[in-house]
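Counting convention: from 1, in listed order, for ligands and their atoms alike.
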Amino acid sequence: MKVLLVGGGGREHALAWKIAQSPQLSKLYVAPGGAGLNRLGETIDVSPDNVSGIVDISKEIGVDLVVVGPEAPLAAGLADALDDAFEDGGIACFGPRQGAAKLETSKSFMKEVCAACSAPTASFGRFSDRAEAIAFLRQRAAPYVVKADGLAAGKGVTIAETLAEAEDAVERMLGGQFGAASSEIVIEQFLPGEEASFFALCDGTRALPLAAAQDHKRAFDGDQGPNTGGMGAYSPAPVFTPEVEQKVMTRIINPVLKEMARRGTPYRGVLYAGLMIDQGEPNLIEFNVRFGDPECQILMRRMESDLLPLLAHAANGDLSGASIKWSPQAAAIVVMAAEGYPGPVNKGDRIGGLDAAKTVDGVEIFYAGVKEKAGVTNANGGRVLNITATADTLNEALSRAYASIEKIDWPGGFYRRDIGWRALKSTPTREQTGASA
Ligand code: AMP
Ligand code: GLY
């Protein structure tokens, strides 16, 4: 199979690493790719947002499958354009069409679909009028959750402890803070509990559960500081028991798939459910129509099955009979970001020690924002390096990731030193149980 992978971050590096191991792969192309990815496939200089450019190059090369990493090209209709690539048929695409990508791109659409199939999610109100939004807020109690309806680069959510803060968020958002993405807002019930990210492969009518991970969204130790795309994660997630998975599949994923098909917008690709789990009861916070980053990277480290036929079966509408084998090991990831992230950062710092860092047992390093030139590696983004590790226990996987980081020489980088704290609190460490390695 000739495969074109769209994207160029850590998520795509991990997907390419896994796809490149497939005996079914004849050639991998990546657009636009980047450092690290260029060792796994041929890079093509087309932006992920250039829908017609990606379709043209896919036709020219004779690609059998396009795998889309980020959500923006899907929101822009890349899957639709690939479906219609030729008069007598399309090019298989792993990722939903625009109408199904609305599960991520419109919070009110997601809520409407959940309401139609009784999937558990926070109760909400939807507003474009300030006075109505503020009157609604005043009838509720803290904490308040105010969200831009559309895509706002992960910054469209305010959790306010006071009414004044919540009213301010309403004013800002309806005042145009996120442009068209916040011309409508959603005000919703605050969900208590522990968060987890769960992923399922979907072929339009069937869903095959992948696995869950827990992500650390805040920039600094102790879950302090600004929200980021994710500073580290681990899988499996102790909070996500088989019973919880069962509930998520039967109450959320399967009914939503059925409802989407009923509406004539069947969902194919990976469905990412951001969940709040409270005493074993899952509630949906949000859907994403792509893999999470960094979560995807540790799922790829844990998956023993060949990923490529699974992606192709999902894209071609036939996951019947498919199954997935997972390693019994735990996987963890620690993200190294440039100082200042998630705000503006300096680019161009030289990074040393990577060769030594990659020799630590169980470690794979995936690149997010890296530039390589004439044998020199430089930081070139906010999130820069992803240090993943697998081991028999989460504790050991984390020790390996941190041992690898010790060997990296990059004074301008930072990382969290407490990845996995929640899970380690609920699972005794090797030292505590007295078990040997
Ligand atoms: P989102 O951009 O929708 O992922 O929201 C960002 C973060 O806000 C989530 O990861 C949650 O931690 C939090 N959040 C969003 N909605 C709620 C809610 N209804 N209740 C509690 N926390 C929420
Ligand atoms: N790590 C969270 C996300 O990818 O949205």
Side-chain angles (χ1 to χ4, degrees), residues 7 9-12 14-15 69-72 74 103-111 114 120-126 137 140-161 166 169 173 178 181-182 185-199 212-219 223-235 237 239 270-278 281-300 333-335 337 341-342 366 368 382-383 386 388 416 419 422:
R11 168 181 51 211
E12 288 76 24
L15 287 169
E71 70 280 7
L74 298 166
L103 282 178
E104 172 168 357
T105 58
S106 165
K107 296 212 188 285
S108 51
F109 177 80
M110 176 280 258
K111 292 289 190 188
C114 285
T121 182
S123 62
F124 74 107
R126 176 183 175 183
L137 275 178
R140 302 178 81 100
Y144 305 92
V145 183
V146 183
K147 301 186 175 186
D149 186 65
L151 283 181
K155 299 192 176 111
V157 177
T158 296
I159 313 266
E161 294 299 332
M173 289 189 199
F178 302 111
S182 67
I185 60 170
V186 166
I187 296 176
E188 68 180 36
Q189 171 197 6
F190 178 82
L191 299 169
E194 206 175 309
E195 242 178 300
S197 309
F198 175 69
F199 302 87
Q214 272 180 296
D215 173 21
H216 296 262
K217 288 206 167 111
R218 301 295 197 99
D223 290 330
Q224 302 295 310
N227 253 320
T228 71
M231 293 299 293
Y234 49 94
S235 178
V239 67
V270 60
L271 187 57
Y272 162 173
L275 300 160
M276 197 63 94
I277 295 149
D278 191 22
E281 295 302 316
N283 260 298
L284 181 71
I285 300 176
E286 60 164 356
F287 278 130
N288 292 299
V289 299
R290 52 167 174 85
F291 277 108
D293 194 6
E295 295 96 320
C296 176
Q297 303 183 41
I298 46 178
L299 295 193
M300 294 305 108
I333 176 164
V334 181
V335 175
Y341 174 76
F366 298 121
R383 289 192 290 184
N386 299 284
T388 71
R416 280 185 57 164
I419 298 305
R422 254 194 211 92

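- Of the N or O atoms in E295, one or more lie within a sub-3.5 Å distance of an N or O in ligand 2.
- Under a 4.0 angstrom heavy-atom cut-off, C296 registers as lying outside contact with ligand 2.
- Of all atoms in ligand 1, listed by their number and element, those nearer than 4.0 Å to a heavy atom of K217 are 10 (O).
- The backbone N or O of S123 sits less than 3.5 Å from a side-chain atom of Q189, completing a donor-acceptor pair.
- The distance from ligand 2 to the heavy atoms of G292 drops below 4.0 Å at these ligand atoms: 4 (O).
- The atoms of ligand 1 that sit less than 4.0 Å from any heavy atom of K107 are 3 (O).
- Checked against a 3.5 angstrom limit, the closest N/O atoms of G229 and ligand 2 fall inside it.
- Close contacts of ligand 1 with K147, meaning ligand atoms under 4.0 Å from a residue heavy atom, involve 3 (O), 15 (C), 16 (N).
- Proximity to Y272 (heavy-atom distance under 4.0 Å) selects the following atoms of ligand 2: 2 (C), 3 (C), 4 (O), 5 (O).
- Side-chain N or O atoms of R416 include none that pairs as donor or acceptor with a backbone N or O of A219 at under 3.5 Å.
- Of all atoms in ligand 2, listed by their number and element, those nearer than 4.0 Å to a heavy atom of D215 are 1 (N), 2 (C).
- For K147 and E286, the salt-bridge test fails: no basic side-chain N is under 4.0 Å from an acidic carboxylate O.
- For ligand 2, one of its N or O atoms has an N or O atom of D293 under 3.5 Å away.
- When only modelled atom types and interatomic distance are considered, Q214 and E194 share a side-chain donor-acceptor pair under 3.5 Å.
- Residue A122 places no N or O, backbone or side chain, under 3.5 Å from any N or O of ligand 1.
- Looking at Y272 and E295, their side chains do bring a donor and an acceptor atom within 3.5 Å of each other.
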- [ ] Check the pair I185 / R126 against side chain to side chain contact (heavy atoms under 4.5 Å, CB included), numbers first and verdict last.
- [x] CA-CA 6 Å; I185 60 170; R126 176 183 175 183; over 6 Å; no

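- Across V186, L191, D223, heavy-atom proximity to atom 20 (N) of ligand 1 is greatest for L191.
- For the pair K111 and D149, the salt-bridge criterion is not met [side-chain N within less than 4.0 Å of a carboxylate O].
- Listed by atom number, the atoms of ligand 1 under 4.0 Å from E188 heavy atoms are 16 (N), 17 (C), 18 (C), 19 (N).
- The contact set between ligand 1 and I159, taken as ligand atoms under 4.0 Å from a residue heavy atom, comprises 8 (O), 13 (C), 14 (N), 22 (N), 23 (C).
- Under 4.0 angstrom from ligand 1, the non-hydrogen atoms of I285 all belong to its side chain.
- Close approach of ligand 2 to R290 is summarised as follows: ligand atoms under 4.0 Å from at least one heavy atom of the residue are 3 (C), 4 (O), 5 (O).
- Contacts of Q189 with ligand 1, taken as heavy-atom pairs under 4.0 Å, involve the backbone alone.
- Within the 4.5 Å cutoff, side-chain heavy atoms of I187 are placed close to those of L137.
- In this structure, A337 and M231 approach most closely via the heavy-atom pair CB-CE, 4.2 Å.
- Counting heavy atoms closer than 4.0 Å to ligand 1, residue N227 contributes nothing at all.
- Between K217 and E195, at least one side-chain N (NZ, or NE/NH1/NH2) sits under 4.0 Å from a carboxylate O, which counts as a salt bridge.
- When each atom of ligand 1 is checked for a heavy atom of M276 under 4.0 Å away, the hits are 21 (C), 22 (N).
- In M110, neither the side chain nor the backbone holds a heavy atom less than 4.0 Å from any atom of ligand 1.
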